[in-house]
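Shown next, in structure tokens, is the structure this report addresses.
As the structure is a computational prediction, the values presented were derived from the model and not from experiment.
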Amino acid sequence: MVGPWESVADGADHVSRKILESVRVKRQKFHSPSFDKFDQNWLLLTDYRNPFSDHITDAILAQRLSAASQHPDAIGTEFDRIYIFYGPRCFRIYKGQLATKLSNKP
């Protein structure tokens, strides 16, 4: 028997948890002695193009990432900018502020 489909909100929550976990791991690596640091340190996270991305998923992800960006313990201060590409959406966290842009390219 197949269980019920995952809701859009549950899927977006799952993705946001995965993104924040990736940020946490990268922050840990940043503090390792072998990590090369520069005048500006940017973090770029990409994912495969999400064919199911829609305005509901985008809104939930934006809400979760915006909330996390307000908490230095979640996003940290190691990276000057964080870019997260998920499907056609780009999220940018810069100085604790979230900006988002939707690609118009097919």
Euclidean distance, [Y] [atom2] relative to [X] [atom1], rounded to 0.5 Å:
X     : Y     : atom1 : atom2 : answer
Ile82 : Asn41 : CD1   : CG    : 11.0 Å
Phe91 : Leu61 : CZ    : CG    : 4.5 Å
Phe35 : Arg27 : CZ    : CZ    : 12.5 Å
His71 : Leu20 : NE2   : CG    : 11.0 Å
Phe79 : Leu44 : CZ    : CG    : 11.0 Å

Quiz item: Near Lys37 NZ, under 6.0 Å, is it more than 12 heavy atoms from other residues, nucleotides or ligands?
Solution: yes
Practice problem: Apply side chain to side chain contact (heavy atoms under 4.5 Å, CB included) to Ile75 and Ile93, showing your working. | Solution: CA-CA 9 Å; Ile75 296 294; Ile93 300 172; 3.9 Å; yes
Quiz item: Is there a donor-acceptor contact under 3.5 Å from the side chain of Ser69 to the main chain of Ser66?
Solution: yes
Quiz prompt | Flag side-chain contact, heavy atom, 4.5 Å: His31 against Glu78 | solution =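 Sidechains of Glu78 and His31: in contact.
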Quiz item: Are Tyr94 and Phe85 connected in a single hydrophobic cluster, I mean Ile/Leu/Val/Met/Phe/Trp/Tyr linked by side-chain heavy atoms less than 4.5 Å apart?
Solution: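 No.
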Quiz item: So, are Arg24 and Glu21 salt-bridged, with charged N and O less than 4.0 Å apart?
Solution: yes
Exercise. For Leu45, check side-chain contact (heavy atoms from CB on, under 4.5 Å) against everything at least two apart and list the hits.
Key: Ile19, Ser22, Val23, Leu43, Ile84
